[in-house]
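All remarks here apply to the structure that follows.
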Amino acid sequence: GLLYCVLPAVEALKGVPQIPSFQPGDDVWAHLVRMLDSLARQNPERSATVCWAAVLQEVGKPIASRKSEGKNFNNHEIESARIAYEIAHK
């Protein structure tokens, strides 16, 4: 869909198992949607910057998951920072 065209790094979250998952079948995309929903419910006036930070800190998880063969998301913040930089400079 459109998300893949605009932000493929965010689309890539779909189908990546969330580690650890407290809900069966949970993926990083579902985790992100719940997180954004929670942020909105906590404070509807919340800054868009905080929501973007939540999105962008997740985008490195697919790469980190592949590197660890699905065992963990170690160093996903490093991958996320690199991807966030690329998104910001498009």
Side-chain angles (χ1 to χ4, degrees):
L2 182 59
L3 182 59
Y4 178 78
C5 295
V6 179
L7 290 169
V10 177
E11 176 81 14
L13 301 177
K14 295 179 179 180
V16 176
Q18 178 64 28
I19 307 165
S21 178
F22 299 106
Q23 298 185 10
D26 206 8
D27 65 6
V28 177
W29 172 257
H31 168 75
L32 174 62
V33 170
R34 276 195 315 279
M35 183 171 30
L36 293 173
D37 183 59
S38 178
L39 288 171
R41 279 188 281 114
Q42 287 173 16
N43 183 352
E45 306 287 321
R46 190 172 302 279
S47 163
T49 303
V50 172
C51 292
W52 269 113
V55 170
L56 294 175
Q57 77 88 25
E58 295 287 305
V59 296
K61 285 185 174 180
I63 295 170
S65 179
R66 279 193 301 275
K67 286 182 175 180
S68 73
E69 299 177 351
K71 295 176 186 145
N72 59 56
F73 295 131
N74 291 356
N75 298 317
H76 82 277
E77 68 281 3
I78 295 167
E79 298 295 342
S80 293
R82 182 186 57 76
I83 295 167
Y85 180 87
E86 291 171 3
I87 290 170
H89 289 90
K90 282 188 175 185

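Any value given below was found using the heavy atoms of this structure, including those in side chains, with hydrogens, waters and symmetry copies removed.
Put simply, the side chain of I63 reaches to within 4.5 Å of the side chain of R82, judged on heavy atoms. Here the side chains of D27 and L13 are not in contact, with every heavy-atom distance at 4.5 Å or above. Using a 4.5 Å heavy-atom threshold, the side chains of L32 and V55 count as touching. A heavy-atom distance below 4.5 Å is not found between the side chains of Q18 and R34. I87 has its side chain out of reach of W52: every pair of non-hydrogen atoms, C-beta onward, lies at least 4.5 Å apart. The shortest side-chain heavy-atom distance between V10 and W29 falls under the 4.5 Å cut-off.
Considering only residues two or more places apart in sequence or on other chains, R66 meets the salt bridge (charged side-chain N to carboxylate O under 4.0 Å, His left out) condition with none of them. For E77, the salt bridge (charged side-chain N to carboxylate O under 4.0 Å, His left out) test picks out no residue, with sequence neighbours left out.
Residues V16 and I78 fall into different hydrophobic clusters, defined by Ile, Leu, Val, Met, Phe, Trp and Tyr side chains chained together at heavy-atom separations under 4.5 Å. Taking hydrophobic clusters as Ile, Leu, Val, Met, Phe, Trp and Tyr residues chained together by side-chain heavy-atom distances below 4.5 Å, L36 shares a cluster with L2. Grouping the Ile, Leu, Val, Met, Phe, Trp and Tyr side chains by contacts below 4.5 angstrom, directly or via other members, places L7 apart from Y4.
When atom types are taken as modelled, the side chain of S65 and the backbone of K61 share no donor-acceptor pair closer than 3.5 angstrom.
Heavy atoms from other residues, nucleotides or ligands lying under 6.0 Å from CD of Q42 number more than 12.
Between V59 and L56, the shortest heavy-atom contact is CG2-O, 3.1 Å. In this structure, A9 and I83 approach most closely via the heavy-atom pair CB-CG2, 3.6 Å. Heavy atoms only, all atoms of each residue included: A12 and P62 are closest at O-CG, 3.6 Å.
H76 and E58 share no side-chain donor-acceptor pair at under 3.5 Å.
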